[in-house]
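Structure, as C-alpha cells:
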Amino acid sequence: MDILVGQLFTGLSTGSILLLAALGLSLTFGQMGVVNMAHGEFIMAGCYTAYVTQQVVGGAGVSLLIALPIGFAVGGAMGLILEVLLIRRLYHRPLDTLLVTFGVGLILQQVARDVFGAPAVNVTVPQFLRGGVEILGTTVPKTRLFIMALAVVAVAALALVLRFTPAGRRIRAVVGNRDLAETAGISSRAVDAGTFFIGSGLAGVAGVALTLIGSTSPTTGQSYLVDAFLVVVAGGLGRIKGAVVAAVALGALQSVFETYSTASLAKVGVFVVIVVFLQLRPQGLFTLRTRSLA
Amino acid sequence: MSKFWESRLGVWSGFAAAAAVLFGLAPLLLSGFRLGLFAQFICYAIVAVGIGLAWGRGGMLTLGQGVFFGMGAYLMAMHLKMADAEFRGGPGAVPDFMELAGVRELPAYWVPFASPVFTIAAIVLLPTGLAVLLGLAVFKRRVKGAYFAILSQALAGAFAIFLIGQQSLGGFNGLSYFRYFFGFTLNDPVNQRMLYFITAAALLVVVAASLQLRRSRYGELLVAVRDAEERVRFLGYDAAGVKVVAYAVAALFASIAGALFVPVVGIISPASIGIVPSIMFLLGVAIGGRGTLIGPVVGALAVAFAQTALSEQFPSAWTYAQGLLFVCVIALLPGGIASIPAVAGRIRVKHRPEAVEATT
C-alpha cells in the first residue's frame, strides 16, 4: 500500500512538472500548429528570473512569490517578441518554424551562458517549503506539493480564461476555424500574439517553479522540452484536457518504469508506449473535430 | 547551364570532377591530420545526403538521424573493440574498458561482433530495420508533419539516455581507443589514408544512389507525396510505403556514416548522437539547399569546416552563428544557397514591369 501510494505520488509529481512545462506548449502548438522549440528556453528564462529575483530581493519566500508573476511577464514578453518577429512570418511553414525556433533557442542558451555562466546556479528554497508532509504513510516533499498545486492553479486559470473571457472565446474560435473566425471579425493576428504571450508566460511560471526542485543551467529548458512535446503529442493538439491526462499518465508511466528498471530504460519504455499509443489514436487522446483535410 | 548538369554527360563529368578533388587534389594538398579531419567531415556529408532525401525530397523532418548514425557507429565500435581484445588476450577476451570496470565475463550480445561479416551485416540491417519498423508504425497511421518530427527527436533523446545507462557500452564516455580496423593498424599513416579513400568512395556511392533514386519513378512519387500526400493516396499509391523507403534509405546512409566515423575519429559517445547533434545534422542540409543533390553535401562540409575553424577560438560566437544561421537560412532562404540564383532571378523579374509571371 505504502509503495503504491508512493508510486502514485511520484507519478503525480512528475506529471505535474511535465504538465507545467507542456501547458503553454499545448496552447501555442494547438493554436497555430507551430512547434516552438524555444519554449524550453522560455522555461530556462523563468528559472533565471527566479534566480535574479532572489539575488535582488533576498528573502527566499517573498522572492518566490514575486518571481512567479515576473516569470510570467518575462516568458510572455519573449514569446510575444518571437511571435511578432519570426513565427508570424512563417505561418504556412510549420516545420520550418520548428528549425527557426530551435536556432532562437540556441542563441538564448548562449546568451544565458554568457550572462550567468555555464555552471548551474541554485535558488534557495523558502523556509515554508522545506521538509515534507506525511500523506497516507509516505513523506512527500513540500516543494513537490507546491508544484502540484501550482499546476492545478495554472490549468484552472487557463481553462477559466479560455471558457469565460472574451479573449478566451476568440482563442477558441481561431483554434476551431481560423477563416471563419476572421470573417466574424476576429483579428487572428492579435489572437495569435495573445496566445503566444499566455503560452510563453506559462513557460516562465513553470521555470520559476522548477527552480525549487533542481538547479538552473543554460540547458535546463532543453531537458524538459522533449518530454513536454511528447505530452502534447499524446494528449492531442490544443487540448488542455488531453495535456492534463497525458502528463499525469506519462508521469505515472515514467515512475513505474523507473521502479522496475533503470531511469535510462524508462525513457525508452515511455517512447515505445507513445508510438504504440499513436497506433491506436494517431491524433492523440482528445481530438479537436475540424473539417479541414490536412 | 543547368540543362548540362542534368544530362548524362554532365552527371558523369560532375562525378569525375568530384572524384578528382576527393581522390587527387585533397590527399595531395592536405596533411595526414587534415585529411583525417576531412574524412570526418565527409561522414557528416553522408548523413546529410540521407537527410536531403528524406527531408528535402520527402518532406519528412527527421530530427533523429543521430540514432541511426549512432547505431552504425556503436556497432562498428563494438567490432573494433572485440578485435582489439582478441589481439591482446586471444579469443573470448574482454575489451579493455570492461576490464577496467572489473567485468570479467563478456556480455552475450557482444560475442557475435567478433565476426566482421556479422558486424557489417548488422550495420546495414539493424538501423534500416528500425527505420522501417518505426516508419511503418508512424506513417501507416498518417502521423506526419510536426508529430513525426517530435517523435524522431524523442527517439534521439531516448537513445542517447539509453546509451548513457549502458555500462557495457561505455556509458557516458562511450567507446574509444581503437587500434585495428579489419586487421590494419589504425595509427599507420598509410592505413589512415586508405580509410580516407574508403570514406570518400562511400560519399560518391551514396550520392550516386541518391541521384538514381531521385531520377527514378520512385523519386517522382516521393516528391509527389511531399507536396500532396492526399492526392497521391487518392491515385492509389501507397504513400506510407513511399515515405518508409526514403526514411529507411536515410537511416542506412546515416548508419554507414557512423560506421566510418568510428575508425576515422576514434571515439563515439552519447554526446555526439543525442538531440542537439541530431538537429545539427540538418543545418548543413538547410544551408546547402535541402531539395538539391549536392547542396546537402556542400552545406554539411562547409558547416563542419566552419565549426572546426571557429568553435575552438570563439566558442560563444560560433554558437550564436549556428543559431543565426538556422534562423536566417530557414526563414529567409528556405531553398539554401542553391536557390540564390533563382531568388535573384525572381527579384529581377519582379522589378521588371513587363514581366507576366515569375517562374520558380
Side-chain angles (χ1 to χ4, degrees), chain A residues 29 33-35 37-38 85-87 89-90 93-111 113-114 118 218-219 222-223 225-230 232-233 237 261-272 274-276 278-284 293-294, chain B residues 55 59-61 63 133-134 136-151 153-166 171 229-230 270 274-276 279-280 282-283 285-286 290 315-332 334:
Chain A
F29 195 0
V34 157
V35 181
M37 294 283 290
L85 286 185
L86 282 172
I87 292 176
R89 289 159 213 283
L90 297 170
R93 289 155 48 193
L95 289 185
D96 286 355
T97 317
L98 193 158
L99 291 174
V100 167
T101 49
F102 172 76
V104 173
L106 268 187
I107 296 172
L108 290 177
Q109 269 180 37
Q110 190 58 37
V111 169
R113 210 168 284 136
D114 286 345
T219 51
Q222 222 173 37
S223 50
L225 188 68
V226 173
D227 289 340
F229 270 133
L230 287 182
V232 176
V233 166
L237 279 189
S261 68
T262 57
S264 74
L265 275 175
K267 287 273 179 202
V268 180
V270 169
F271 176 78
V272 171
I274 287 176
V275 170
V276 172
L278 287 178
Q279 296 299 297
L280 305 172
R281 296 196 69 105
Q283 303 297 320
L293 248 182
Chain B
W55 180 36
M60 290 166 276
L61 185 55
L63 298 179
L133 217 70
L134 193 70
L136 283 177
V138 170
F139 298 130
K140 282 281 179 202
R141 295 300 294 170
R142 298 182 200 171
V143 173
K144 57 188 173 190
Y147 279 72
F148 169 72
I150 290 169
L151 279 180
Q153 186 182 31
L155 178 65
F159 187 59
I161 292 172
F162 169 75
L163 283 176
I164 291 173
Q166 300 306 305
E229 188 172 339
E230 302 289 339
I275 291 175
V276 174
I279 301 185
M280 284 308 172
L282 290 167
L283 181 56
V285 180
R290 62 183 92 154
S316 163
W318 170 241
T319 311
Y320 285 125
Q322 271 178 321
L324 276 176
L325 276 173
F326 261 117
V327 174
C328 296
V329 171
I330 306 257
L332 304 176

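Per chain, numbering begins at 1; letters A, B, ... match sequence-line order. Basis for what follows: all heavy atoms, side chains included, without hydrogens, waters or symmetry-related copies.
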Interface moiety of [X] toward chain B, non-hydrogen atoms closer than 4.5 Å:
{"X": "A/Phe229", "result": "both"}
{"X": "A/Leu99", "result": "both"}
{"X": "A/Gln222", "result": "side chain"}
{"X": "A/Leu225", "result": "neither"}

Closest non-hydrogen atom pair between [X] and [Y], with its separation:
{"X": "B/Ala154", "Y": "A/Leu230", "answer": "CB-CD2, 3.7 Å"}
{"X": "A/Asp114", "Y": "B/Ser316", "answer": "OD2-OG, 2.9 Å"}
{"X": "B/Leu61", "Y": "A/Leu95", "answer": "CD2-O, 3.7 Å"}

Next on the checklist: Go through it in stages, so that I can follow the logic: the residues are A/Leu98 and B/Leu63, the test is side chain to side chain contact (heavy atoms under 4.5 Å, CB included), and I'd like the CA-CA distance, side-chain angles, deciding distance and then a yes or no.
Outcome noted: CA-CA 10 Å; A/Leu98 193 158; B/Leu63 298 179; 3.6 Å; yes

Given that the side chain runs from C-beta out, which part of [X] has a heavy atom under 4.5 Å from chain A: side chain, backbone, both or neither?
{"X": "B/Ile164", "answer": "neither"}
{"X": "B/Met60", "answer": "neither"}
{"X": "B/Ala149", "answer": "side chain"}

Next on the checklist: At a heavy-atom distance under 4.5 Å, which candidate from B/Ile275, B/Leu155, B/Leu282, B/Leu283 has the highest pair count against chain A?
Outcome noted: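 The candidate making the most pairs under 4.5 Å is B/Leu155.
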
Item to check | Max heavy-atom pair count under 4.5 Å with chain A, selected residue of B/Ala331, B/Cys328, B/Ala286 | outcome: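 Maximum pair count with chain A is reached by B/Ala331.
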
Next on the checklist: Is any side-chain heavy atom of B/Ile161 closer than 4.5 Å to one of A/Val268?
Outcome noted: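 Not touching, per the 4.5 Å side-chain cut-off.
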
Checklist entry - Going by heavy atoms in the side chains, are A/Gln109 and B/Thr319 under 4.5 Å from each other? => result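 A side-chain contact is absent here, since even the closest heavy-atom pair is not under 4.5 Å.
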
Checklist entry - Got a sec: does the CZ of B/Arg142 have more than 12 other heavy atoms crowding it under 6.0 Å? => result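 Open.
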
Item to check | Ring geometry between B/Phe326 and A/Phe102 (parallel below 30°, tilted from 30 to 60°, perpendicular above 60°) | outcome: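 The arrangement is perpendicular - the two ring planes meet at more than 60°.
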
Checklist entry - Who pairs with B/Pro334 by side-chain contact (heavy atoms from CB on, under 4.5 Å), at least two apart in sequence or on another chain? => result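 Partners of B/Pro334 under the side-chain contact (heavy atoms from CB on, under 4.5 Å) test: A/Arg93, A/Asp96, B/Arg290.
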
